[in-house]
Amino acid sequence: MDKGRILLSVTGFNPQRWHELLSAQREVVLAPDGPADPSITYAVVWKQPPNILARLPNLRAVFSIGAGVDHLFNDPGLPEAPIVRVVADNLAGHMTDYIVWRVMDHHRQGMLYRSQQNKKIWHEPPQRAAEDISVGIMGLGQLGRAAARALLALGFRVNGWGRTGRPMEGVETFGGEAGLVPFLNATDILVVLLPLTPATRGIVNYKVLRQLRRANGLGGAVLINAGRGRLQKDADILRALDDGTLKEASLDVFEVEPLPKTSPLWAHPRVFVTPHAAATSDPAHLVAPMLAQMDAFERGEPLRNVVDRQMQY
Ligand code: OXD
């Protein structure tokens, strides 16, 4: 099979390093030649301009450089070619670091200590044990499972919720609509790592937050979202923080990104904001497996980590 060229279109990322590493093995272009370019056989993308992929009649596969693929389904000209998402230990490691960091900070009362330090207050609140806290992970895919393993090793109780409730050792799993309320009722710290699809948009709303366990050793329920901003309703989170439904939140993603300067989330004393930075795609770790997949595909092997187009993840 002829190798063809790779289209690299990674909006919001510096393409230079991706280009350098991909072009060590294949010819890389940043735009198709003309309205139809038969010379391009693979696309490596992040938020590519709409309809650009529709100009590639010989496209064999589209590689998303991030774990989430919702950006692709926003493209009205998305071709039929298989979509491959990133599954990499490096990315899962970054996400696990972020989740452990934020769970630990809430568990060890980082927000309270920072506000005490600002006021020069010397006060030790009661300490609790990790085993008394249940972390509930919404979305037990590769990233969710890696985070669950790390949290279990630290002694937390871990619940998991997903479409099917697929079992995982050491984790109490809940599935589908019927499992959602029991999962939330047994959760003190909610970690959101779901893919954004028509079925999950807006799922982190006031009604859902209301079901979290508030009578717990933490002194309230906590939300951590490192999945997608449009899974949540920013206004519902603010309402929940202000009426005690939520004690604190760590948010890496927002309905609108960058988070508008006018958003009250920026200055909320019990919100920790990061700029969609929980797990960055690093070309040094992600390019080699992509190129290996292209080679394997051309030898007749099936592609791995192909997105289910109906489920959109
Ligand atoms: C991703 C992301 O999908 O960083 O990997 O948002």
Side-chain angles (χ1 to χ4, degrees), residues 1-95 141-143 146 195-198 228 276 279-313:
M1 210 186 249
D2 166 35
K3 279 193 161 194
R5 303 196 296 169
I6 298 176
L7 171 74
L8 175 66
S9 178
V10 286
T11 310
F13 282 80
N14 179 351
Q16 202 179 332
R17 190 78 182 121
W18 294 90
H19 195 291
E20 202 176 289
L21 292 169
L22 286 165
S23 58
Q25 286 192 30
R26 288 172 183 253
E27 193 183 338
V28 179
V29 292
L30 296 175
D33 291 339
D37 186 340
S39 71
I40 293 172
T41 47
Y42 297 100
V44 173
V45 297
W46 185 255
K47 296 184 182 160
Q48 75 286 352
N51 295 313
I52 197 176
L53 301 177
R55 291 162 57 187
L56 315 178
N58 291 330
L59 198 60
R60 293 178 194 146
V62 179
F63 289 80
S64 166
I65 69 163
V69 290
D70 44 292
H71 62 105
L72 276 157
F73 288 100
N74 290 334
D75 184 344
L78 184 64
E80 286 302 308
I83 299 167
V84 178
R85 69 199 155 79
V86 165
V87 174
D89 288 348
N90 180 261
L91 198 69
H94 286 306
M95 186 55 89
Q142 195 231 0
L143 301 181
L196 179 67
T197 70
R228 280 287 178 272
H276 198 142
T280 294
S281 293
D282 180 351
H285 291 270
L286 304 187
V287 164
M290 276 178 195
L291 289 168
Q293 279 242 63
M294 294 173 199
D295 291 344
F297 189 57
E298 286 161 10
R299 287 194 304 270
E301 293 171 29
L303 291 166
R304 284 175 293 109
N305 310 316
V306 173
V307 169
D308 177 328
R309 293 179 89 95
Q310 191 146 10
M311 304 305 300
Q312 300 196 4
Y313 69 90

Strictly distance-based, threshold 3.5 Å: is any side-chain N or O of Gln293 a donor or acceptor partner for the main-chain N or O of Arg304?
yes
Distance-only check: which donor-acceptor pairs under 3.5 Å involve side-chain atoms of residues 281-290, not counting sequence neighbours?
unit_1 : atom_1 : unit_2 : atom_2 : d
Ser281 : OG     : Ile65  : O      : 2.6
Asp282 : OD1    : Ala284 : N      : 2.9
His285 : NE2    : Asn90  : ND2    : 3.4

Mind listing the closest non-hydrogen atom pair of Leu91 and Ala67 along with its distance?
CD2-CB, 3.8 Å
Side-chain contact test, heavy atoms from C-beta onward, threshold under 4.5 Å: evaluate it for Val45 versus Leu53 and give yes or no.
yes
Closest non-hydrogen contact found for Lys3 with Thr41 is O-OG1, 2.8 Å
Who pairs with Asp308 by side chain to side chain contact (heavy atoms under 4.5 Å, CB included), at least two apart in sequence or on another chain?
Gln310, Met311
Not counting sequence neighbours, list each pair that qualifies as a ring pair (Phe, Tyr, Trp, His ring centres under 6.0 Å) and has a residue in residues 287-313.
none
Just to verify, what does Ala24 make a side chain to side chain contact (heavy atoms under 4.5 Å, CB included) with, not counting sequence neighbours?
none
Output a table of donor-acceptor pairs, distance under 3.5 Å, between side-chain atoms of residues 76-85 and any protein atom two or more places apart or on a different chain; print 'none' if there are none.
none

Rounded to the nearest 0.5 Å, what's the gap from CD on Gln48 to CG on Asp75? Could you check?
5.0 Å
Quick one, Leu72 and Val307 - any side-chain contact, counting heavy atoms below 4.5 Å?
no
Does a side-chain heavy-atom distance below 4.5 Å link Arg5 with Asp33?
yes
Could you walk me through whether Val44 and Met294 pass the side chain to side chain contact (heavy atoms under 4.5 Å, CB included) check?
CA-CA 11 Å; Val44 173; Met294 294 173 199; 4.1 Å; yes
Minimal non-hydrogen separation, Gly68 against Ser64, with atom names
O-OG, 3.3 Å
Without swapping roles, check the side chain of Arg26 against the backbone of Gly4 for a donor-acceptor pair under 3.5 Å.
no
Taken to the nearest 0.5 Å, the spacing of Gln16 CD from His19 NE2 works out to 9.5 Å
Can you tell me how far apart CZ (Phe63) and CG (Leu22) are? Round to the nearest 0.5 Å.
10.0 Å
Closest non-hydrogen atoms of Leu143 and Ala92, given as atom of the first, atom of the second and distance, are CD2-CA, 3.5 Å
Give a yes or no answer on whether the side chain of Thr11 reaches the backbone of Lys47 with a donor-acceptor pair at less than 3.5 Å.
yes
Are any non-hydrogen side-chain atoms of Pro198 and Gln312 less than 4.5 angstrom apart?
yes
Taking everything shown except Asn74 itself, do over 12 heavy atoms lie less than 6.0 Å from its CG?
yes
Once ring pair (Phe, Tyr, Trp, His ring centres under 6.0 Å) is applied, do any residues pair with His71, and if so which ones, sequence neighbours excluded?
Trp46
What heavy-atom pair brings Pro32 and Ile40 nearest, and what distance separates the two atoms?
CA-CD1, 3.9 Å
